[in-house]
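One structure is given here, and the rest of the page talks about it.
Sequence positions, counted from 1, serve as the residue numbers for this chain. What you see is a predicted model, and the numbers here were worked out from it, not measured in a lab.
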Amino acid sequence: MADSMAEYLQKDMECEGLLECIHGLKELDRECFQVLVETEEPLTIDEVADRVDRERSTAYRSIQRLLQSGFVQKEQVNYEQGGYYHVYRPTDPDEVADDMQRMLNDWYAKMGQLLQEFRDKYDDQQAVAAEN
C-alpha cells in the first residue's frame with residue numbers, strides 16, 4: 001500500500017484499487033465483492049465464505065465492511081414457516097461510483113481548504129520575520 005499521495009499517483013492502479021484507497025478495504029473485501037458481482041443471485045454469508053475459502057466469521061466481517069462502505073446491500077428472505085435469513089448482493093455500480101465521486105469531491109474541497117490555511121499561516125509568518 002502506498003504511504004503518500006505522490007506514491008498513490010505513481011502506482012499503476014486498477015478500478016478495484018478504489019476500494020482500498022477510498023474506503024480502506026482489504027484484499028479479502030475485494031474478493032468477497034468480486035464473488036457477489038460474478039453471481040446472478042444474492043448469496044448468504046455461508047455461500048460467500050465457501051467461495052472465498054474462509055471461515056464464516058471472517059467472511060461476515062468482510063461483508064460488514066462492504067455494507068458500511070455501500071458496496072453491498074443486505075436483503076431479508078422470509079421462510080414460509082417463520083424465521084428469516086439474509087442474502088447479500090452488490091450495489092449498482094453507478095450508485096457506488098457516484099458515492100465515491102462525492103467523497104472524492106469532498107476530499108478535494110477539504111484539501112483546498114487546508115492548502116489555503118497553509119498559505120495563510122506561512123505567509124503571515126514570513127511577513128512577521130521580514131519585519132524583524
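- Note: D106 CG to M111 CE = 11.0 Å, rounded to the nearest 0.5 Å.
- Formation of a donor-acceptor pair under 3.5 Å by the D98 side chain with backbone atoms of E95 is not found in this model.
- Taken together through direct or relayed side-chain contacts under 4.5 Å among Ile, Leu, Val, Met, Phe, Trp and Tyr, V37 and L25 form part of one hydrophobic cluster.
- The OG atom of S62 sits 12.0 Å away from atom CZ of R30, with the distance rounded to the nearest 0.5 Å.
- Using cut-offs of 30° and 60° for the angle between ring planes, the Y84 and H86 rings count as perpendicular.
- When only modelled atom types and interatomic distance are considered, E38 and Q34 share a side-chain donor-acceptor pair under 3.5 Å.
- In this structure, CD on E47 lies 10.0 Å from CD on E41, to the nearest 0.5 angstrom.
- Taken to the nearest 0.5 Å, the CD atom of Q64 stands 11.0 Å off from the OG atom of S69.
- Partners of Y60 according to the ring-ring contact (aromatic ring centres under 6.0 Å, His included) rule, which considers only residues two or more places apart in sequence or in another chain, do not exist here.
- Looking at residues two or more places apart in sequence or on another chain, you find no ring-ring contact (aromatic ring centres under 6.0 Å, His included) involving Y108.
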Output a table of donor-acceptor pairs, distance under 3.5 Å, between side-chain atoms of residues 71-82 and any protein atom two or more places apart or on a different chain; print 'none' if there are none.
from: Q73; atom 1: OE1; to: R89; atom 2: NH1; distance (Å): 3.4
from: Q73; atom 1: OE1; to: R89; atom 2: NH2; distance (Å): 2.6
from: E75; atom 1: OE2; to: R89; atom 2: NE; distance (Å): 2.2
from: Q76; atom 1: NE2; to: N78; atom 2: OD1; distance (Å): 2.8

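- Atom CD of E117 has more than 12 heavy atoms from other residues, nucleotides or ligands within 6.0 Å.
- Checked against side-chain contact (heavy atoms from CB on, under 4.5 Å), D94 has the following partners two or more places apart in sequence or in another chain: D92.
- The CG atom of L28 sits 5.5 Å away from atom CD of E31, with the distance rounded to the nearest 0.5 Å.
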Show me, pair by pair, the donor-acceptor contacts under 3.5 angstrom made by side chains of residues 49-56, not counting sequence neighbours?
from: R51; atom 1: NH1; to: T39; atom 2: OG1; distance (Å): 3.0
from: R56; atom 1: NE; to: D46; atom 2: OD1; distance (Å): 2.8

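- Without hydrogens or angle criteria, T91 side chain to G70 main chain gives a donor-acceptor distance under 3.5 Å.
- The CD1 atom of I45 sits 4.0 Å away from atom OH of Y88, with the distance rounded to the nearest 0.5 Å.
- R61 meets the salt bridge (charged side-chain N to carboxylate O under 4.0 Å, His left out) test with no other residue; sequence neighbours excluded.
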